[in-house]
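Since the structure comes first, as structure tokens, the remarks are kept for the end.
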Amino acid sequence: MNRHLISAADLSRQDALDILDTAEELAGLAGRQIPKLPTLRGRTVVNLFYEDSTRTRTSFEVAAKRLSADVINFSAKGSSVAKGESLKDTALTLQAMGADAVVIRHGASGAPHRLARWVAGSVINAGDGTHEHPTQALLDAFTIRRRLGRVDGLRVAIVGDVLHSRVARSNVWLLHTLGAKVTLVAPPTLLPVAVGSWPCATSYDLPAVLPVSDVVMMLRVQRERMADAYFPSVREYSRRYGLDADRLALLPGHAIVMHPGPMNRGVEIAADVADSPRSTVVEQVANGVAVRMAVLYLLLGGGTAGAATGDDRG
Ligand code: NCD
């Protein structure tokens, strides 16, 4: 495994399976009386968040703390970043403090890649611009595997604002690596030009894709990243690409509905669909902690599944 986790495309099938298997073991920890392991005692994990985040930041924080690491939350607001400090200078400061891992979320695609050149510790990409969000893809794969027993051979539809979605990009690569067949479903204006070179199919027709999907992953319409009009109206978007109860009924009986959050209820997903038993939204959040523990453990602690919850308790 690499020292850093910057792109899901960098993960080999074996790397991805090691992370999922380790996460599976670590997930059992949540049920213990003291849900904590000493594995990363004395190590420092810095959460460096330049963009707003609720679940991803807290998820990394809980994950690091369950492994007994020291956690420093460094948000752009209220730090010297607000005074105009460059990413490089911030990186050198973190380096001087001896950060063993830096978890970074940044509005610019490629920021984690740059950071990795300036710090000695591991860099984990928690979302960079419209580029990638690899731990989200890992927790999604973990959730699919738990619900449906496997990822290999499954048909996954990823629906909506693919153009602005780092979640979609990371999922296309990871799910492909794990043997799933991915179809992106979106209006032509919300599909990136480069999509032709990605390992997936595309469609503009949601009702046609739903009956042949095992998993449907709805994406948030990212209005904060839209400078222009990409569709005539929210109502029109919702009518063609939203998932409501009628559309849900087109899915095979075993199929699940996913969403990375935050959801625009009533836009890409109807409230009753989001809250239905087929929705995995809440599980995805819970699984995020176990998956991020596995990533921190494997990048910082070393070892493979089996050792994670075993004899290294001290
Ligand atoms: C996503 C993100 O920030 O990329 N959310 C998340 O991490 N759970 C998706 C989104 O913002 O729509």
Side-chain angles (χ1 to χ4, degrees), residues 5-9 23 47-64 73 75-77 103-113 124-144 156-175 184-187 190-192 215-227 230-231 234 237-238 241-243 257-269 273-274 279-293 295-296:
L5 177 57
I6 290 172
S7 163
N47 271 330
L48 181 60
F49 277 63
Y50 288 84
E51 265 191 5
D52 293 339
S53 168
T54 319
R55 66 215 94 216
T56 305
R57 193 188 60 71
T58 46
S59 180
F60 269 109
E61 182 173 353
V62 172
N73 285 314
S75 76
K77 288 190 195 102
V103 178
I104 177 171
R105 169 166 286 195
H106 200 288
S109 302
H113 182 76
I124 300 172
N125 182 2
D128 62 329
T130 59
H131 176 230
E132 282 230 30
H133 190 356
T135 59
Q136 178 70 41
L138 286 161
L139 75 88
D140 289 336
F142 183 82
T143 304
I144 294 171
V156 182
I158 303 181
V159 184
D161 185 1
V162 177
L163 182 65
H164 300 104
S165 180
R166 50 202 180 199
V167 174
R169 273 172 191 68
S170 289
N171 263 300
V172 166
W173 288 106
L174 184 70
L175 290 170
L184 299 174
V185 186
L190 289 177
L191 280 176
V215 175
V216 54
M217 187 182 292
M218 303 308 295
L219 300 172
R220 184 172 65 88
V221 175
Q222 302 200 20
R223 272 178 279 194
E224 80 278 18
R225 294 189 209 278
M226 293 184 187
Y230 287 88
F231 43 79
V234 169
Y237 176 86
S238 186
Y241 293 99
L243 191 64
V257 176
M258 311 183 77
H259 194 301
M263 291 184 279
N264 292 311
R265 285 172 182 256
V267 181
E268 71 270 0
I269 188 164
V273 174
S279 155
T280 61
V281 174
V282 178
E283 278 156 69
Q284 285 169 267
V285 176
N287 291 339
V289 174
V291 165
R292 290 174 175 123
M293 285 175 78
V295 167
L296 288 168

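Scope of the values below: all heavy atoms of this structure, side chains included, with no hydrogens, waters or symmetry mates. Keep in mind it's a predicted model, so treat the numbers as computed, not measured. One-based numbering, in listed order, for ligands and for the atoms of each.
Within the cation-pi definition used here (under 6.0 Å to the ring centroid, within 45° of the axis), Arg105 does not qualify as a partner of Phe49.
The Gln136 neighbourhood of ligand 1 comprises atoms 6 (C), 7 (O), 8 (N), with distances under 4.0 Å to a heavy atom of that residue. Those atoms of ligand 1 with a heavy atom of Val167 less than 4.0 angstrom away are 1 (C), 4 (O), 9 (C). Below 4.0 Å from some heavy atom of Arg105 lie the following atoms of ligand 1, by number and element: 2 (C), 3 (O), 7 (O).
Nearest to atom 3 (O) of ligand 1 by heavy atom, out of Arg225, Arg166, Arg169, Gln222, is Arg166.
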Which is it for Glu51 and Arg225 under the salt bridge (Lys or Arg N to Asp or Glu O under 4.0 Å) test, yes or no, and what are the steps along the way? CA-CA 12 Å; Glu51 265 191 5; Arg225 294 189 209 278; 3.2 Å; yes
query = Between Arg292 and Thr135, is a side chain to side chain donor-acceptor pair (under 3.5 Å) present by the stated rule, with each step listed?
reply = CA-CA 7 Å; Arg292 290 174 175 123; Thr135 59; 3.2 Å; yes
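We find the NE2-CG distance between His131 and Asn125 to be 7.5 Å, quoted to the nearest 0.5 Å.
Checked by atom type and distance alone, the side chain of Thr280 never pairs as donor or acceptor with a backbone atom of Glu283 at under 3.5 Å.
When hydrogens are left out, the protein atom nearest atom 7 (O) of ligand 1 is His133 NE2, 2.8 Å; that is the closest non-hydrogen contact. Looking only at protein heavy atoms, the nearest one to atom 5 (N) of ligand 1 is Gly261 O, 2.9 Å. In terms of protein heavy atoms, atom 11 (O) of ligand 1 is closest to Arg220 NH2, 3.0 Å.
For ligand 1, the polar-atom distance check finds an N/O of Pro260 within less than 3.5 Å of one of the ligand's N/O atoms.
The shortest heavy-atom distance from Ser53 to ligand 1 is not under 4.0 Å. Not a single heavy atom of Glu51 lies less than 4.0 angstrom from ligand 1.
Only one option out of Val289, Val295, Val291, Leu296 pairs with Met293 in a side-chain contact (heavy atoms from CB on, under 4.5 Å); it is Val289. When each of His133, Met217, His259 is paired with Asp140, the side-chain contact (heavy atoms from CB on, under 4.5 Å) condition holds for Met217 and for no other.
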